[in-house]
Every structure is written in C-alpha cells, then in structure tokens.
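Computed from a prediction, not measured in an experiment: that's the story for all the values here.
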Amino acid sequence: MLSLTHINIATIILDTSAVIIACGILGETRFMRRSGRKADVLFFRLLLLTMVLAVSDIGGYITENRADPLLVKIQLFSMSLFYLTFVVLSMSWFDYCLYKFKNEQREPEGGVKAVHIPGMITFAVIILNIFTGIIFQVDDRGGYHRNFLFIPMYLVLICYIAAGFVMVGKYRTVRKKKLIPLWLYVMPVLLSIVITFFVGEVSMAAIGTAISIAFTHLGTMNEVAEISIRETGQ
C-alpha cells in the first residue's frame, strides 16, 4: 500500500479539482457540443486533454521515491504521458486560438504547418526520452530527475501557450471586447508554471490549465453575447 505525504495529497486534490472542473464544464456546455462548431470541438478537446494531464500527474506524484520496480515503471509511464499530453494540449490551445481569434473561425488550410514542427519534434523527443532519459529520468529508487532538455521542452510549450494568449489579446483590442481583463485569463496558467518551476513539490499544471481554458472560452463567449445585446439595444 502506498503511503502518501502531504505533498502527494495536495497534488491529488489539485489534480482531482482539475478533473472535476473539466467534467463540470463538459456537462454544463453539452448543448454546445451538439452544435458541431469547430471552436466548440477544439474547446472540448482541450478539456479532455486537461483531464488526461491531471490523471497522469497523479500517477507520477504518488509513485515518486518508491523503490519498487513496478512503481518505477508506472512513474516513468505517467510522467511520459503527462508531458506528451502537455505537448498536444499546448498545440491544440494554439490551434483553438488561431481558429477562433485570429482566423475569425475561417477554416485553415489543411496539412502540417511550420508552426507545428517544434511541437512535433518535442513529442518525438519525449518518446525518445523513455529510452535515453535526455529530458527526465526515474532512477531505481523512484527518484525523479530533470535533465538538460527539460527547460527547452518547457520553452516550446510556453511559446505555444503564450502565442495563444497574444492572439486573444490582439482580438480583444481590435474588436474592443475588453469586458474582462486579459490577466484574469492568463493568471491561473501563469501561476501554475511559476509554482511548478520554483516550488516544484506541488503540481498545479493541470488545475491552472483547466481554469485558464475555462475562463478564456466561456469568458470571451459572454463578452460577445453582452456586446451583441448592447448593440442590438442601441
């Protein structure tokens, strides 16, 4: 039986909260899912990826520092899944913002875009890491260690996330949709990244991502609706 520390318990609570938030939004916006609109489809994909991120994060934390061969393998699998999901989530977030805010919901051209290449390379390197440990590794005692490609990997993820928020900011500036300050959207994911890097013991990646995604999608929808009501009433 696993013995959990207060750090493990805190992480489980935060990640479980992320899953609950994602499930709640999925349930409350199910009518949007039936519409078939691409923006909503991309949004639901982000929520599902956030749930996978949270579950894999739990698996990585509760098996850390356990000198058991099976738990070591589970931790390596969980953390690999966590980072692979984070790559796909970051790229999906970029695509969501590109479609909804920059292209104004016009269908983009098909095929692989140059902007996706860094993410695809990062995805491949994470798979390679399972056999080489060039990003992170798990030792025989279940200890988690970051290696020299860890920071470059996160820089790629941060660039995709930041680029998405830049598109949101430009859209709101041009369209005068500023009812909710942009920093409220950015703060949860920014706070989670800072805590992950500078505290390290408690993971807030999933909960921060879930809240930022929810704020951005539902918040901008409310802004558009309220502005339309104002314009109609004039």
Practice prompt. Examine Ile12 and Ile20 and state if one hydrophobic cluster contains both, with Ile, Leu, Val, Met, Phe, Trp and Tyr joined whenever side-chain heavy atoms are less than 4.5 Å apart.
Written response: no

Item to complete: Can you see which heavy atom on Ile135 is nearest to which on Ile126, and at what distance?
Response: CD1-CG1, 3.8 Å

Worksheet item: Is Tyr61 reachable from Phe77 through a run of hydrophobic residues whose side-chain heavy atoms are each under 4.5 Å from the next?
Response: no

Discussion item. Please report the interatomic distance CD1(Ile161) to CZ(Phe94), rounded to the nearest 0.5 Å.
Written reply: 12.5 Å

Worksheet entry | Reported CZ-to-CD1 distance for the pair Arg66 and Ile74, which is rounded to 0.5 angstrom | 11.5 Å

Item to complete: Applying side-chain contact (heavy atoms from CB on, under 4.5 Å), run through Val125 and Ile134 and close with a yes or a no.
Response: CA-CA 8 Å; Val125 173; Ile134 54 178; 3.8 Å; yes

Practice prompt. Kindly indicate, with the supporting measurements, whether the criterion side-chain contact (heavy atoms from CB on, under 4.5 Å) is fulfilled by Met79 and Ser56.
Written response: CA-CA 7 Å; Met79 294 311 299; Ser56 59; over 6 Å; no

Worksheet item: Could you state the interatomic distance from CG (Leu128) to CG (Leu149), rounded to the nearest 0.5 Å?
Response: 9.5 Å

Fill in: Verdict with reasoning, Asp95 to Tyr99, per side-chain contact (heavy atoms from CB on, under 4.5 Å)
CA-CA 6 Å; Asp95 289 340; Tyr99 176 77; over 6 Å; no

Worksheet entry | Taking every non-hydrogen atom, the tightest pair across Asp15 and Ala54 | O-CB, 3.4 Å

Worksheet item: Which atom names give the shortest non-hydrogen contact between Gly119 and Met91, and what distance separates them?
Response: CA-SD, 3.6 Å

Response to the item:
Closest heavy-atom pair, Thr63 versus Leu71, reported as atoms and distance to 0.1 Å, is CB-O, 3.7 Å

Worksheet item: Got a second to check how far Asp57's CG is from Ser78's OG, nearest 0.5 Å?
Response: 9.0 Å

Item to complete: Would you confirm whether Asp68, through its side chain, and Leu70, through its main-chain N or O, come within 3.5 Å as a donor-acceptor pair?
Response: yes

Discussion item. How close do Gln75 and Gly60 get, counting heavy atoms only, and between which atoms?
Written reply: CG-O, 3.6 Å

Worksheet item: For Thr85, what residues pass the side-chain contact (heavy atoms from CB on, under 4.5 Å) criterion, not counting sequence neighbours?
Response: Leu49, Val52, Leu53, Leu81

Worksheet item: Between Tyr154 and Phe86, what is the ring plane arrangement, given parallel below 30°, perpendicular above 60°, and tilted in between?
Response: perpendicular

Worksheet entry | Atom OH of Tyr144 with >12 non-hydrogen neighbours under 6.0 angstrom | yes

Worksheet item: Under 4.5 Å between side-chain heavy atoms, hopping through other hydrophobics if needed: is there a path connecting Phe136 to Val88?
Response: yes

Worksheet entry | Chi angles and distances behind the side-chain contact (heavy atoms from CB on, under 4.5 Å) call for Leu98, Met167 | CA-CA 7 Å; Leu98 184 66; Met167 284 185 273; 3.9 Å; yes

Response to the item:
dist Thr132:OG1 -> Ile127:CD1 (nearest 0.5 Å) comes out at 11.5 Å

Worksheet item: If every non-hydrogen atom of Ile130 is compared with every non-hydrogen atom of Ser80, which pair is closest and at what distance?
Response: CG1-OG, 3.6 Å

Worksheet entry | Glu64 side chain vs Gly143 backbone, donor-acceptor pair below 3.5 Å | no

Worksheet item: If you measure from CZ on Arg146 to CD on Gln137, what distance do you get to the nearest 0.5 Å?
Response: 13.5 Å

Practice prompt. Determine, using ring centers only, whether Phe165 and Trp93 are less than 6.0 Å apart.
Written response: yes

